[in-house]
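Nothing here was measured: the structure is a model prediction, and the numbers come from that model.
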Amino acid sequence: MTTARDRGLAAALADARDRPDGAERCAELERIASRADATGDPRTALSARFALVEAYLHRGERWRAVEPVRRMRATLARHPGLLDARPDELTRLRRHQRQAVEASFGTPRVGLDQARSLLDALAAELGEDAAPVAELRCRLADHLGDEPAARRAYERWSAADATDPVGGCAGCAPARRADLLAGWGEPDAAVAALAPALAGWVEPQAATAGSGRSRAGRGGSRAARTERGEPPAGPAGGDEPRVAPSVAGCTDQPERALAVGLLPWLRTGAVTRAARAHVRAYRRHRGERTAFPLLAAHLRFCALGGYLHRGLEILTEQLPELDRPADDLSAMEFAAAGALLCGLATEAGLGGRRIHRPGHGSRPAAEVDVATLGTQLQALATALAGSFDARNGTGHQSGRIASWLAERPLAAPVSLAAESEFDEEPETDPAEPGPPGPEEPAPLDAALLAAALDARGEPYTVEPDGTLAGRWGEATIQFRLLGRLGDVLHARVVAQRRLPAGRRAEAYAFCNAWNHDRLLPAAYVHEPGDGTLVLAAGVSTDLSCGVAPAQLAVLVAAAVRTGTAYAEAVAALP
């Protein structure tokens with residue numbers, strides 16, 4: 001199918017894509033999409049809304065993506081053959097459709113009718129037994145408190161093809177399943193469901209649940225490795241069978257699975273395993289902005305496992321993040337877990353301990369005692385649960401939060417291992433090839449690049465085309481794999497500050513001076529046509545002969561360091 005395209009709008013869209021991330025860019029994309037609708041240019045309307053959805057996801061505002069996704073579906077309904085020759089874009093739209101439905105689980109700002117309509121449309125195209133549809137049916141029913149319906153959908157999800165490209169991360173699917181099972185009161189089943197995601201976590205055998213003396217290693221690669229250690233079979237411990245290989249390519253594992261397993265391990269008596277999993281996972285989650293939804297599990301583990309002092313330290317450290325949560329659901333769960341911790345700490349005589357709570361909005365900064373903070377957090381969790389239930393027409397979320405607040409300690413604490421113990425490499429079978437060493441060259445690929453960024457511990461997003469993008473100071477930096485074989489590493493830097501178009505000569509002079517005096521990155525000026533100038537830069541490295549992880553880490557660090565310096569120089573212009 002062919003449709004007329006407005007060249008002016010297409011050019012405006014190209015310029016909007018080069019704008020710095022922010023509300024102005026989103027507003028411009030909305031304007032372009034609406035104008036394309038009005039002028040009968042469905043291709044540009046779709047392209048603008050694709051960019052808009054991805055901008056919202058990049059900004060952590062998934063709920064805002066619901067309306068543009070709905071409008072994209074409406075555009076396809078009016079032009080049924082628009083994507084017939086573009087199957088990749090159709091898959092991309094369906095992934096965004098799944099993400100829009102998932103947004104309803106995270107905030108009451110998305111109407112249930114909207115979510116159900118998008119889910120029904122996805123089911124009409126993929127079928128009720130497709131993994132993405134079955135999973136969304138399961139999670140929606142669970143969110144509403146309809147456990148029988150959720151279990152029926154869970155069975156279809158478990159039997160479906162886990163590699164469906166429309167589904168969420170296949171490597172995280174075990175953690176998503178385990179979270180549901182734990183919520184249904186099946187800790188043993190939850191632990192079993194986690195096995196594929198924990199293949200990269202190696203732990204020695206013969207540790208008992210109460211000894212606290214087992215030693216663990218990092219486990220190297222997250223590819224096919226085996227797990228050893230005590231099973232969740234009761235306080236006495238025992239031998240655990242080896243687990244299946246984990247799904248390769250998931251950079252959230254095994255730490256996400258370890259966090260999900262904390263409460264199931266406590267409930268089944270595997271106290272030592274839970275303690276070690278907490279130390280390993282929190283070491284990563286403490287500094288990752290995207291890990292905020294997992295912090296509630298760490299706080300509940302500390303509260304119910306008897307680690308009240310450590311829990312209060314974590315609460316103090318992470319409390320500022322509650323003012324800028326990923327979504328309402330994660331804020332509700334963090335507040336409820338914090339309230340539980342504060343309540344148990346108060347019962348233990350720690351209610352007078354003071355915690356600094358930073359100011360936010362109209363709330364001034366203050367030193368709050370634990371008992372008072374617990375009351376504040378409980379009120380917040382209860383209010384958020386009520387807002388979900390008002391939207392849902394059920395009392396499930398309020399009941400769930402009430403049950404959390406009523407929980408009592410599950411086990412006596414064991415000693416937490418020193419974090420340095422996790423730096424020891426586990427013993428490996430020399431007959432089995434291990435992951436490449438830090439100095440061993442390997443072909444450049446997306447997983448290797450993601451691992452280099454993961455090692456820095458800084459947040460970034462993965463765009464649909466595989467681009468890894470992050471914000472460093474005044475710079476937005478995008479890492480792409482270019483070339484026919486994807487063996488050229490390209491880093492593109494966009495300075496946040498723009499100059500007015502009238503300063504064109506000054507902008508070119510600045511870039512020329514930069515390129516004369518600096519080796520990296522190569523600076524240039526882009527004119528989006530809106531009266532401003534975008535100062536960007538880039539650097540490409542041919543890695544067709546392979547790259548060692550240590551070398552790639554240096555290249556990434558150099559791109560971030562020089563890109564940040566470039567953006568700061570732009571910001572310092574008079």
Reference residue F105; test side chain to side chain contact (heavy atoms under 4.5 Å, CB included); the match among D142, D327, L136: L136
Any T107 side-chain heavy atom under 4.5 Å of L329 side chain: no
Has H309 got more than 12 heavy atoms of other residues, nucleotides or ligands less than 6.0 Å from its NE2? no
Before giving the answer on side-chain contact (heavy atoms from CB on, under 4.5 Å), spell out for V101 and L122 the whole-Å C-alpha distance, their side-chain angles and the decisive distance to 0.1 Å. CA-CA 10 Å; V101 176; L122 196 62; 5.9 Å; no
With sequence neighbours left out, what residues match A371 under side chain to side chain contact (heavy atoms under 4.5 Å, CB included)? T346, D369
With a cut-off of 3.5 Å and sequence neighbours excluded, list every side-chain donor-acceptor pair involving residues 298-305.
residue, atom, partner, partner atom, Å
H298, ND1, H278, ND1, 3.0
H298, NE2, H285, ND1, 3.0
R300, NH2, E407, OE1, 2.9
R300, NH2, E407, OE2, 3.1

Taking every non-hydrogen atom, the tightest pair across A381 and I401: CB-CG2, 4.1 Å
Is E67 salt-bridged to R70, going by a charged N under 4.0 Å from an acidic O? yes
Should the pair R92-E54 be classified as a salt bridge under the 4.0 Å nitrogen-to-oxygen rule? yes
Apply the test side-chain contact (heavy atoms from CB on, under 4.5 Å) to residues L57 and T461: give CA-CA distance (whole Å), side-chain angles for both, the deciding distance (0.1 Å), then the verdict. CA-CA 9 Å; L57 296 177; T461 60; over 6 Å; no
Are T382 and S398 side-chain neighbours, meaning at least one heavy-atom pair lies under 4.5 Å? no
Distance-minimising heavy-atom pair for V53 and A65: CG1-CB, 3.9 Å
ring-ring contact (aromatic ring centres under 6.0 Å, His included) pairs, two or more places apart, involving residues 370-399: H143-F388
If you apply the rule salt bridge (Lys or Arg N to Asp or Glu O under 4.0 Å), what do you find for R286 with E313, and how did you get there? CA-CA 11 Å; R286 71 186 305 173; E313 291 172 0; over 6 Å; no
Kindly write out the residues that satisfy side chain to side chain donor-acceptor pair (under 3.5 Å) with S387, not counting sequence neighbours, or none if the list is empty. none
Candidate pair R73 and Q97, rule side-chain hydrogen bond (donor to acceptor under 3.5 Å, both in side chains), full reasoning: CA-CA 9 Å; R73 296 301 321 189; Q97 202 167 334; 3.0 Å; yes
Counting C-beta onward and ignoring hydrogens, is there a side-chain heavy-atom pair between L448 and P549 closer than 4.5 Å? yes
Which pairs count as ring-ring contact (aromatic ring centres under 6.0 Å, His included) when at least one residue sits in residues 159-197, sequence neighbours excluded? Y154-W184
Main-chain N/O of S104 paired with R391 side-chain donor or acceptor, under 3.5 Å: yes
Return the CG to CD1 distance between L295 and I314, rounded to the nearest 0.5 Å. 8.5 Å
Not counting sequence neighbours, which residues clear side chain to side chain contact (heavy atoms under 4.5 Å, CB included) with D88? List them please. none
Contact check, side chains of L453 and V556, non-hydrogen atoms, under 4.5 Å: yes
Tightest non-hydrogen contact, residues C26 and R59, listed as SG-CD, 4.1 Å
Shortest non-hydrogen separation from T91 to P165 and the atoms involved: CG2-CB, 4.0 Å
Flag the pair R94 / L126 as yes when at least one side-chain heavy-atom distance between them is below 4.5 Å, and no otherwise. yes
side-chain hydrogen bond (donor to acceptor under 3.5 Å, both in side chains) assessment of Y282 paired with Q318: CA-CA 11 Å; Y282 186 66; Q318 301 295 341; 3.0 Å; yes
For the CZ atom of R152 and the CG atom of D146, what is their distance to the nearest 0.5 Å? 6.5 Å
Once you round to the nearest 0.5 Å, how far does OG1 of T268 lie from CG of D188? 5.5 Å
Of all heavy-atom pairs linking A446 and L481, the shortest is N-CD1, 3.5 Å
Kindly give the heavy-atom pair with the smallest separation between L344 and P409, and that separation in Å. CD2-CD, 4.1 Å
Residues passing the side chain to side chain contact (heavy atoms under 4.5 Å, CB included) test with P320, sequence neighbours excluded, are R324, P358
Kindly compute the distance separating CG (L263) from CG (D179), expressed to the nearest 0.5 Å. 10.0 Å
Test item: Q376 and R357 side chains (from C-beta on) under 4.5 Å apart, heavy atoms: yes
Residues in side chain to side chain donor-acceptor pair (under 3.5 Å) with R471, at least two apart? T476
If we only count heavy atoms from C-beta on, is the F50 to E89 side-chain gap below 4.5 Å? yes
Would you check, one step at a time, whether the test side-chain contact (heavy atoms from CB on, under 4.5 Å) holds for L140 with R116? CA-CA 9 Å; L140 179 58; R116 284 173 171 146; 4.1 Å; yes
Kindly compute the distance separating CG (D129) from CG (D161), expressed to the nearest 0.5 Å. 12.5 Å
Answer yes or no: is there a donor N or O on one side and an acceptor on the other, between the side chain of N392 and the main chain of L144, under 3.5 Å? no
Do side-chain atoms of S403 reach the backbone of R400 as a donor and acceptor pair under 3.5 angstrom? yes
Contacts satisfying salt bridge (Lys or Arg N to Asp or Glu O under 4.0 Å) that involve residues 455-464 (not counting sequence neighbours) are R456-E458
Residues in ring pair (Phe, Tyr, Trp, His ring centres under 6.0 Å) with F479, at least two apart? none
Side-chain heavy atoms of L322 within contact of L380, under 4.5 Å: yes
Considering residues at least two apart in sequence or located in another chain, which fulfil the salt bridge (Lys or Arg N to Asp or Glu O under 4.0 Å) criterion with D328? R109
Ionic contact status for E155 with R151, cut-off 4.0 Å: no
Can you run down the side-chain hydrogen bond (donor to acceptor under 3.5 Å, both in side chains) pairs that involve residues 130-139, sequence neighbours left out, and say none if there aren't any? E102-R139, D120-R137, E128-R137, E135-R139, E135-R176
Side chain D164, main chain A131, donor-acceptor under 3.5 Å: no
Could you walk me through whether L180 and C138 pass the side-chain contact (heavy atoms from CB on, under 4.5 Å) check? CA-CA 9 Å; L180 288 163; C138 174; 3.6 Å; yes
OG of S330 to CG of L294: how many Å apart, nearest 0.5 Å? 9.5 Å
